[in-house]
Amino acid sequence: MKKEVELIVIGGGQSALACGYFLRRTGLDYLILDDKETCGGSWPQTWESLTLFSPAKFSSLPGFMMPASVGEYPSREEVISYLCAYERRYDFPIERGVRVTQVTREDGVFIIHTEEGQQVKTKAVISATGTWQNPFIPEVSGRERFQGLQMHSKEYQNSKAFEGKRVLIVGEGNTGAQLLAEVSKVAQTVWATHKQPEFLPDDVDGRVLFDLATAKYEAEKLGKPFDSSRYHLGNIVMTPSVKEARGRAVLSSKGRISVLEETAVVWENGERDEIDAILWCTGFGFATGHLSDLVSVDVRGRISTEETRCKDVPGLWTVGYGGWTGFASATLIGVGRSARQTVKEVVDYIKEIK
Ligand code: FAD
């Protein structure tokens with residue numbers, strides 16, 4: 001690996017690839033460092049039956065369309081092959097199996113420290129490490145006493161581990177609903193949610209949500225009012241599996257957990273259900289621990305930014321983590337915009353410090 005480059009991109013998932021796309025014509029000497037041995041970012045770790053919310057042509061990175069999928073929505077495998085094809089097509093300079101442990105800065109130069117003991121010096125850094133390596137489980141009284149299986153959705157591949165069990169599914173988001181739909185086919189399930197889950201109309205998919213989010217974003221940018229009462233962007237998308245689960249009447253929540261016991265969940269209304277396992281579908285923070293020596297990182301992994309540019313450290317950008325770092329940036333279709341703007345800013349910055 002080179003010891004000095006102009007720019008390091010940390011992470012090799014879709015966000016890093018989108019940056020790579022815009023970096024091709026800049027002439028910058030850069031490297032992408034990814035801790036995985038294979039392509040696809042975190043997608044290979046998602047569950048086997050996962051499909052996207054939007055059709056392929058609305059789930060593409062810049063420059064190269066995702067090929068049409070076999071089903072209505074692309075499967076996990078189709079997303080992985082697309083990302084691998086994208087990487088091959090543009091032949092990005094990626095070093096794999098390199099885990100960045102910390103980034104430090106001395107006299108305006110960043111030093112990238114890796115688990116393998118290498119160090120690389122660079123003028124600028126784009127962090128694009130996603131969320132997957134920072135799973136979140138909320139504080140729930142008695143959790144440490146519970147004796148059965150506990151799994152975060154990060155580990156979930158299929159329903160095998162839950163077969164024949166009494167399973168508590170926690171979380172009212174899309175992951176909670178989709179995994180409830182799948183696990184309830186082989187297990188007896190109860191669903192815990194912080195608030196009552198709300199479902200989108202059957203014909204609203206990720207594409208409609210993206211268009212709506214875009215309209216809201218554009219209106220806010222212009223200081224215009226926006227009527228967001230039509231759909232709540234965070235509500236559950238009625239994927240085919242969730243629709244099927246609705247037909248089996250398994251989509252009802254028992255509300256909030258009061259306490260967990262060795263073999264049971266006690267609900268806020270005092271009712272109690274014996275359970276053998278818990279599946280936490282409670283989301284993720286941001287995998288930014290490697291920036292903690294450089295900048296203040298909050299408990300969820302967020303740092304202070306203006307769009308993708310770090311406010312406190314010149315030369316540092318964060319791409320693909322979600323709304324706080326660029327509109328819709330944690331989606332395949334949305335990250336291109338953040339990547340393009342970021343690369344433009346990086347090029348200007350490097351010219352300026354020369
Ligand atoms: P990742 O894919 O996580 O890539 C980051 C890469 O960085 C990984 O390879 C990781 O191993 C590596 N890395 C992390 N830390 C380090 C380090 N310190 N050093 C070196 N390498 C590191 N989006 C859509 O557009 N449509 C959908 O339908 C959709 N559905 C989703 C369903 C689920 C269940 C989830 C979780 C997400 C979904 N998303 C969807 C969101 C989004 O597309 C993904 O979260 C996406 O993986 C984010 O890409 P990324 O490149 O930012 O991060």
Side-chain angles (χ1 to χ4, degrees), residues 8-20 31-56 58-61 66 69 73-76 78-80 82-84 86-87 94-103 112-116 118 120 125-136 152-154 156-157 171 173-179 182 205-207 209-210 213 237 239 281-284 286-292 301 308 318-323 325-326 328-336 338-339:
I8 287 285
V9 181
I10 309 172
Q14 65 199 40
S15 302
L17 301 188
C19 293
L31 265 184
I32 299 176
L33 305 181
D34 189 64
D35 59 1
K36 296 271 170 0
E37 295 295 345
T38 53
C39 43
S42 292
W43 285 102
Q45 285 165 277
T46 59
W47 60 91
E48 290 162 5
S49 64
L50 180 71
T51 60
L52 293 185
F53 287 144
S54 316
F58 301 100
S59 303
S60 296
L61 293 176
M66 186 184 288
S69 52
Y73 298 104
S75 66
R76 171 183 87 158
E78 286 169 322
V79 177
I80 297 168
Y82 167 66
L83 292 177
C84 294
Y86 193 90
E87 193 175 311
I94 303 188
E95 296 272 350
R96 294 209 162 278
V98 180
R99 177 158 186 81
V100 174
T101 48
Q102 269 305 332
V103 180
I112 310 292
H113 304 260
T114 72
E115 203 161 75
E116 299 69 29
Q118 296 137 309
V120 191
V125 175
I126 298 176
S127 184
T129 45
T131 58
W132 204 254
Q133 294 185 15
N134 193 6
F136 173 74
H152 187 275
S153 63
K154 174 188 193 298
Y156 181 90
Q157 283 290 300
N174 283 295
T175 298
Q178 288 182 29
L179 297 192
E182 184 160 290
D205 66 6
R207 178 183 30 159
L209 291 179
F210 182 76
V237 179
T239 59
C281 303
T282 40
F284 295 86
F286 309 99
T288 52
H290 55 286
L291 301 176
S292 62
T308 62
T318 52
V319 173
Y321 295 99
T325 180
S329 64
T331 62
L332 285 152
I333 193 173
V335 71
S338 288

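First listed ligand is number 1; within each ligand, the first listed atom is number 1.
The ligand atoms of ligand 1 that sit less than 4.0 angstrom from a heavy atom of G130 are 3 (O), 52 (O), 53 (O). Residue Q133 approaches ligand 1 through these ligand atoms, each under 4.0 Å from one of its heavy atoms: 10 (C), 11 (O), 13 (N), 14 (C), 15 (N). Shown in contact with A330 at under 4.0 Å from a heavy atom are these atoms of ligand 1, numbered in order with element: 23 (N), 41 (C), 42 (C), 43 (O). The ligand atoms of ligand 1 that sit less than 4.0 angstrom from a heavy atom of W47 are 34 (C). The contact set between ligand 1 and G12, taken as ligand atoms under 4.0 Å from a residue heavy atom, comprises 6 (C), 7 (O). Atoms of ligand 1 lying under 4.0 Å from any heavy atom of G320, numbered from 1 in the order shown and given with element: 52 (O). Within the listing of ligand 1, atoms 36 (C) sit less than 4.0 angstrom from a heavy atom of W132.
Among all non-hydrogen protein atoms, the one lying nearest atom 30 (N) of ligand 1 is W43 CH2, 3.8 Å. Annotation: atom 6 (C) of ligand 1 to nearest protein heavy atom, D34 OD1, 3.4 Å. At the top of the distance list for atom 52 (O) of ligand 1, counting protein heavy atoms only, stands S15 OG, 2.6 Å. Here the heavy atom of the protein found nearest to atom 28 (O) of ligand 1 is F53 N, 2.9 Å. Scanning the protein heavy atoms around atom 13 (N) of ligand 1, the nearest turns out to be D35 OD1, 3.6 Å. Considering only non-hydrogen protein atoms, atom 26 (N) of ligand 1 sits nearest to L52 CD2, 3.7 Å. Here the heavy atom of the protein found nearest to atom 18 (N) of ligand 1 is V100 O, 2.9 Å. When only non-hydrogen protein atoms are considered, atom 4 (O) of ligand 1 lies nearest to G13 CA, 3.5 Å.
For the side-chain hydrogen bond (donor to acceptor under 3.5 Å, both in side chains) test, residues two or more places apart in sequence or in another chain that qualify with S75 are E78. Partners of H290 by side-chain hydrogen bond (donor to acceptor under 3.5 Å, both in side chains), not counting sequence neighbours, listed by chain and number: S127.
The ring of H152 has its center no closer than 6.0 angstrom to the ring center of F136.
Listed for the T46 side chain is a donor-acceptor partner under 3.5 Å among the backbone atoms of W43. With Y82 contributing its side chain and S60 its backbone, the two residues share no donor-acceptor pair below 3.5 Å. In this structure a side-chain-to-backbone donor-acceptor pair under 3.5 Å is missing from R207 to P55.
Between L332 and ligand 1, an N or O atom pair is found at a separation short of 3.5 Å. Checked by distance only, ligand 1 and T331 stay at 3.5 Å or farther apart across all their nitrogen or oxygen atoms.
The backbone of V98, and not its side chain, has at least one atom closer than 4.0 Å to an atom of ligand 1 (non-hydrogen atoms only; backbone = N, CA, C, O). At a heavy-atom cutoff of 4.0 Å, ligand 1 is contacted by the side chain of K36 but not by its backbone.
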Under the criterion side-chain hydrogen bond (donor to acceptor under 3.5 Å, both in side chains), I'd like the reasoning laid out for T129 against Y321: C-alpha separation, chi angles, the key distance, then a yes or no. CA-CA 8 Å; T129 45; Y321 295 99; 2.5 Å; yes

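The side-chain heavy atoms of V319 and V335, taken from C-beta on, include a pair separated by under 4.5 Å.
At least one heavy atom of A128 sits under 4.0 Å from some atom of ligand 1.
For the residue pair W47 and E182, no side-chain donor N or O sits within less than 3.5 Å of a side-chain acceptor on the partner. Looking only at atom types and distance, the side chain of T325 has a donor-acceptor partner in the side chain of T318 under 3.5 Å away. Side-chain contact annotation: Q133 with R99, donor-acceptor N/O pair under 3.5 Å present.
Here the rule is side chain to side chain donor-acceptor pair (under 3.5 Å) with Q45, and of Q157, K36, R76 only K36 fits it.
When the heavy atoms of G322, G11, S42 are ranked by distance to atom 3 (O) of ligand 1, first place goes to S42.
The heavy-atom pair separating V98 from E116 by the smallest distance is CA-OE1, 3.7 Å.
Within a 4.0 Å radius of atom 10 (C) of ligand 1, the protein contributes one or more non-hydrogen atoms.
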